[in-house]
**Q** 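This is the structure I want to talk about, given as C-alpha coordinates.
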Amino acid sequence: METPFRPREKLIEKQKLFQSIHKHTHLKLPMDKITSVAIPLALAGSCLFMIGRGIYNMTHGIGKKE
(Lines give C-alpha, C1' and ligand atoms only; values in the text may rest on other atoms or scores of the structure.)
Protein backbone atom coordinates (compact mmCIF):
# COMPACT_ATOMS: atom_id res chain seq x y z
CA MET A 1 0.00 0.00 0.00
CA GLU A 2 1.28 3.44 -0.93
CA THR A 3 1.80 6.07 1.78
CA PRO A 4 -0.11 9.35 1.38
CA PHE A 5 1.69 12.57 0.45
CA ARG A 6 0.41 14.39 3.54
CA PRO A 7 -0.73 13.10 6.89
CA ARG A 8 -4.51 12.94 7.39
CA GLU A 9 -4.34 15.33 10.35
CA LYS A 10 -2.77 18.06 8.21
CA LEU A 11 -5.44 17.61 5.54
CA ILE A 12 -8.27 17.88 8.07
CA GLU A 13 -6.62 20.97 9.58
CA LYS A 14 -6.36 22.64 6.14
CA GLN A 15 -9.97 21.74 5.30
CA LYS A 16 -11.22 23.32 8.51
CA LEU A 17 -9.14 26.44 7.81
CA PHE A 18 -10.53 26.85 4.30
CA GLN A 19 -14.10 26.17 5.38
CA SER A 20 -13.91 28.75 8.17
CA ILE A 21 -12.68 31.62 5.95
CA HIS A 22 -15.52 33.42 4.15
CA LYS A 23 -13.62 34.88 1.20
CA HIS A 24 -13.45 33.93 -2.45
CA THR A 25 -11.74 30.62 -3.05
CA HIS A 26 -8.79 32.12 -4.96
CA LEU A 27 -8.02 34.70 -2.22
CA LYS A 28 -7.98 32.52 0.90
CA LEU A 29 -4.23 32.29 1.53
CA PRO A 30 -2.02 35.38 2.12
CA MET A 31 0.16 34.79 -0.96
CA ASP A 32 -2.92 34.52 -3.20
CA LYS A 33 -3.37 38.29 -3.19
CA ILE A 34 -0.03 38.67 -4.99
CA THR A 35 -0.93 36.30 -7.81
CA SER A 36 -4.57 37.33 -8.15
CA VAL A 37 -4.31 41.11 -7.68
CA ALA A 38 -0.78 42.51 -7.88
CA ILE A 39 0.47 40.73 -11.02
CA PRO A 40 -2.60 41.58 -13.17
CA LEU A 41 -2.47 45.20 -11.97
CA ALA A 42 1.22 45.42 -12.89
CA LEU A 43 0.54 43.97 -16.34
CA ALA A 44 -2.35 46.36 -16.94
CA GLY A 45 -0.26 49.33 -15.79
CA SER A 46 2.66 48.48 -18.04
CA CYS A 47 0.30 47.93 -21.01
CA LEU A 48 -1.34 51.33 -20.47
CA PHE A 49 2.08 52.98 -20.24
CA MET A 50 3.26 51.40 -23.50
CA ILE A 51 0.03 52.29 -25.31
CA GLY A 52 0.31 55.89 -24.11
CA ARG A 53 3.94 56.07 -25.18
CA GLY A 54 3.07 54.68 -28.60
CA ILE A 55 0.30 57.22 -29.11
CA TYR A 56 2.63 60.03 -28.02
CA ASN A 57 5.33 58.85 -30.42
CA MET A 58 2.85 58.57 -33.31
CA THR A 59 1.43 62.06 -32.76
CA HIS A 60 4.90 63.65 -32.61
CA GLY A 61 6.45 61.52 -35.38
CA ILE A 62 9.15 60.05 -33.12
CA GLY A 63 10.85 56.83 -34.19
CA LYS A 64 9.69 56.71 -37.80
CA LYS A 65 11.62 54.62 -40.29
CA GLU A 66 12.54 56.41 -43.47
**Q** Could you measure the distance from the CD1 atom of I62 to the NZ atom of K64? Nearest 0.5 Å is fine.
**A**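 Nearest 0.5 Å value for the CD1-NZ distance: 11.0 Å.
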**Q** For a quick test of reading the model, state the closest non-hydrogen atom pair linking I39 to T35 and the distance between them.
**A**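 Shortest heavy-atom contact: CD1-CA, 4.1 Å.
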**Q** For P7, check side chain to side chain contact (heavy atoms under 4.5 Å, CB included) against everything at least two apart and list the hits.
**A**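 For P7, the residues satisfying side chain to side chain contact (heavy atoms under 4.5 Å, CB included) (neighbours in sequence not counted) are E9, K10.
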**Q** How does the hydrophobic cluster around M50 look, that is, which other residues are in it when side-chain heavy atoms under 4.5 Å mark a link?
**A**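 Direct or chained contacts put M50 with F49.
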**Q** My understanding is that a hydrophobic cluster links ILVMFWY residues whose side chain heavy atoms are under 4.5 Å apart, including indirect links. Using that, what else belongs to the cluster containing L11?
**A**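 L11 clusters with nothing; isolated.
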**Q** Not counting sequence neighbours, which residues clear side chain to side chain contact (heavy atoms under 4.5 Å, CB included) with K14? List them please.
**A**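 With neighbours one apart ignored, the set is R6, F18.
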**Q** Could you tell me which residues satisfy ring pair (Phe, Tyr, Trp, His ring centres under 6.0 Å) with Y56, sequence neighbours excluded, listed by chain and number?
**A**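 Testing Y56 for ring pair (Phe, Tyr, Trp, His ring centres under 6.0 Å), a comparison that skips the adjacent residues, returns H60.
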